Amino acid sequence: MSDYYEVLGVSRDATAEEIKKAYRKLARQLHPDVNPGPEAEERFKEIGRAYEVLSSPEKRQAFDMGVDPNSSGGGFGAGFGFTDIFETFFGAATSARGPVSRQRRGQDALIRIEVELAEAVFGSQRELQLDTAVVCQVCQGNCCLPGTSSRVCDVCRGRGQVQRIARSFLGQVMTTQPCSACQGFGTVIPDPCLECSGEGRVRTRRSITIKIPAGVDTGTRIQLAGQAEVGPAGGPPGDLYVEVVERPHPTFTRRGDDLHCTVEIPMTAAALGTSIYLETFDGAEEFDIRPGTQSGEVSTLRGLGVTHLRGTGRGDLVVHLAVQTPNRLDEQQEELLRQLAKLRGEERPAGRLAPAHQGVFSKLRDRFAGR
């Protein structure tokens, strides 16, 4: 384990300010721009490792106890690189990164579409109109007027970067910055395309057909790779995200992949039982109403709900029954009902208070007891 106090040339009881001053002095002397050579660079790395440990109270305490924080993954190589030190103290990277490409990926886009419940049940296809950027057909994305081409930047000579001498507390330091003449591209376009103004892309309206999978719900996003706008200079297109908003249905309410509806039946049909035809998304389905049906009862039709978005099969159709009591009777109907009430001993019913919270098993018990 290296003795970091010896590396910086300070005593073990040196203050934080003394350690900082010693590091700055050595960094100025060993900076590769001032003192080139592999040995100076390696020495500069060594004093960087030493300063990182001794400038942190926690790491310094661990080092004083015989533990090197750099050797346990928390040191120089883990989070404080050689380039980071240069950028911190000299304001720029130490190595030239070269010119940047004019081509860039296009931005992703998000649009929202409304779908009917039937489309969510079975899926569908939609044609969308998009205002987006496409490759310029005149220059084919190279940004230049046809018959011309880009040329190397005279300022940076194609490097995309320029070097300047800057003053800092360490003295004169050479910094590297993007070339302002070519914006870091390394080339300039003397004759830009008139159609796209040198962008390599133009805005237009185009149509695309998308498939809406069965089972989508409000908030579902469909990703269409490469269907968003083209990037500058004909760069690859971004992705288009289509977010679904499901319209409310006048009859059915969706809960997950199950559909719920309410069927109103006359009092006589509830008492005597009957069969009706119920209109579903799969067509008319025969639905049996058993004798003695009470208002609020539910019945389930399996597999007539929404298709599962992930997996196979479909949800159910849950039918809620509402018994209608007639509120207008003619004389004959009223007389017949009075006779029925007399036959059932219900002319002056006493009534019965039902439990406030009756569970399923309590209801079944009352059914079997004939109550």
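None of these values were measured; they are calculated from a predicted model.
Partners of Phe185 under the ring-ring contact (aromatic ring centres under 6.0 Å, His included) rule, at least two apart in sequence or in another chain, do not exist in this structure. For Thr300, the side chain to side chain donor-acceptor pair (under 3.5 Å) criterion is met by no residue, not counting sequence neighbours. Listed by chain and number, the residues in a ring-ring contact (aromatic ring centres under 6.0 Å, His included) with Phe287 amount to none (sequence neighbours excluded).
In this structure, the side chain of Arg104 does not engage the main chain of Gly235 through any donor-acceptor pair within 3.5 Å. Under a 3.5 Å cut-off, the side chain of Thr307 and the backbone N or O of Val121 do form a donor-acceptor pair. In this structure, the side chain of Gln137 engages the main chain of Val135 through a donor-acceptor pair within 3.5 Å. Counting only distance, with no hydrogens or angles, the side chain of Arg314 and the backbone of Gly305 share a donor-acceptor pair below 3.5 Å. The main-chain N or O of Ala233 is found under 3.5 Å from a side-chain atom of Gln103 such that the two form a donor-acceptor pair. Between the side chain of Arg49 and the main chain of Tyr51, no donor-acceptor pair closer than 3.5 Å is present.
How far CD of Gln333 is from CD of Glu331: 11.0 Å, rounded to the nearest 0.5 Å. The distance from the CG atom of Leu278 to the CD atom of Glu286 is 11.0 Å, given to the nearest 0.5 Å. Gln227 contributes atom CD, which lies 12.0 Å from atom CG of Asp108 (distance to the nearest 0.5 angstrom). Once rounded to the nearest 0.5 Å, the distance linking OG1 of Thr268 with CD of Gln324 reads 10.0 Å. Rounded to the nearest 0.5 angstrom, Arg12 CZ and Leu54 CG are separated by 9.0 Å.
Hydrophobic clustering, with ILVMFWY side chains joined whenever heavy atoms are under 4.5 angstrom apart, groups Leu329 together with Met267. Ile265 and Leu337 fall within the same hydrophobic cluster, where Ile, Leu, Val, Met, Phe, Trp and Tyr residues are linked whenever their side-chain heavy atoms come under 4.5 Å apart, directly or through other members. Residues Val115 and Leu224 share a single hydrophobic cluster, defined by chaining ILVMFWY side chains whose heavy atoms lie under 4.5 Å apart. The same ILVMFWY cluster, assembled from side-chain heavy atoms under 4.5 Å apart, contains both Val244 and Leu130. The cluster map of Ile, Leu, Val, Met, Phe, Trp and Tyr, joined by side-chain heavy atoms under 4.5 Å apart, puts Ile222 and Ile111 in the same cluster.
Counting non-hydrogen atoms of neighbouring residues, nucleotides and ligands closer than 6.0 angstrom, the CZ atom of Arg157 reaches no more than 12 such neighbours. Other residues, nucleotides and ligands contribute only 12 or fewer heavy atoms inside 6.0 Å of the CZ atom of Arg338. Environment of CD in Glu6: sparse, with no more than 12 heavy atoms of neighbouring residues, nucleotides or ligands closer than 6.0 Å. When the shell of 6.0 Å around CD of Gln223 is examined, it contains more than 12 heavy atoms from other residues, nucleotides or ligands. Atom CD of Gln140 has more than 12 neighbouring heavy atoms from other residues, nucleotides or ligands inside a 6.0 Å radius. Within a 6.0 Å sphere centred on CD of Gln332, other residues, nucleotides and ligands contribute 12 heavy atoms or fewer.
Among the candidates Leu304, Leu317, Thr253, Val318, the single residue satisfying the side-chain contact (heavy atoms from CB on, under 4.5 Å) test with Leu259 is Leu317.
Salt bridge absent: Asp257 and Arg310 never bring a charged side-chain N and a carboxylate O closer than 4.0 Å. Ion pairing of Asp191 with Arg151 is absent here, as no side-chain N (NZ or NE/NH1/NH2) approaches a carboxylate O to less than 4.0 Å. Between Lys21 and Glu17 no salt bridge is recorded (no basic side-chain N to carboxylate O distance below 4.0 Å).
Residues Glu119 and Glu114 are not in side-chain contact: their nearest non-hydrogen atoms beyond the backbone lie 4.5 Å or more apart. Side-chain contact between Leu272 and Thr274: absent, with no pair of heavy atoms (C-beta onward) separated by less than 4.5 Å. Between Tyr4 and Glu46, every side-chain heavy-atom pair lies at or beyond the 4.5 Å cut-off. Using a 4.5 Å heavy-atom cutoff, the side chains of Cys136 and Glu199 are not in contact. Contact check for Val188 versus Gln183: no side-chain heavy atoms found under the 4.5 Å cut-off. Annotation: side chain of Asp316 is not in contact with side chain of Leu301 (no heavy-atom distance under 4.5 Å). Residues Pro232 and Arg201 are in side-chain contact: their nearest non-hydrogen atoms beyond the backbone lie under 4.5 Å apart. Side-chain contact between Arg102 and Ile189 is present, with heavy atoms from C-beta onward closer than 4.5 Å.
Using cut-offs of 30° and 60° on the angle between ring planes, the pair Tyr23 and Phe44 is tilted. Relative ring orientation between Phe281 and Phe252 is described as tilted, the plane-to-plane angle lying within the 30° to 60° band.
Looking at every heavy atom in both residues, Pro192 comes nearest to Pro190 through CD-O, 3.5 Å. Contact between Leu321 and Thr293 at its shortest, heavy atoms only, is CD1-CG2, 3.4 Å. Minimum interatomic distance between Leu8 and Ala22 (heavy atoms only, all atoms of both residues): O-CB, 3.6 Å. Asp239 approaches Gly226 most closely through the heavy-atom pair OD1-N, 2.9 Å. Nearest heavy-atom pair, Gly283 versus Thr280, reported as atom, atom and distance to 0.1 Å: O-OG1, 2.7 Å. Heavy atoms only, all atoms of each residue included: Arg206 and Ala228 are closest at NH2-O, 4.0 Å.
Arg60 and Tyr5 form a side-chain donor-acceptor contact under 3.5 Å, judged by distance and modelled atom types alone.
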Could you give the side-chain donor-acceptor pairs of residues 207-219 under 3.5 Å, partners two or more places apart or in another chain?
{"unit_1": "Ser207", "atom_1": "OG", "unit_2": "Gln129", "atom_2": "OE1", "d": "3.0"}
{"unit_1": "Ser207", "atom_1": "OG", "unit_2": "Gln129", "atom_2": "NE2", "d": "2.6"}
{"unit_1": "Thr218", "atom_1": "OG1", "unit_2": "Glu246", "atom_2": "N", "d": "3.0"}

Just distance, no hydrogens or angles: give the donor-acceptor pairs under 3.5 Å from side chains in residues 143-150, sequence neighbours left out.
{"unit_1": "Thr148", "atom_1": "OG1", "unit_2": "Leu145", "atom_2": "N", "d": "3.3"}
{"unit_1": "Thr148", "atom_1": "OG1", "unit_2": "Leu145", "atom_2": "O", "d": "2.6"}

TODO: Decide side chain to side chain contact (heavy atoms under 4.5 Å, CB included) for Glu229 and Leu240; before the verdict, give the C-alpha distance in whole Å, the side-chain angles of both, and the deciding distance to 0.1 Å.
DONE: CA-CA 8 Å; Glu229 66 176 27; Leu240 176 65; over 6 Å; no

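Evaluation of the ring-ring contact (aromatic ring centres under 6.0 Å, His included) test over residues 289-321, restricted to residues two or more places apart or in two chains, returns His260-His320.
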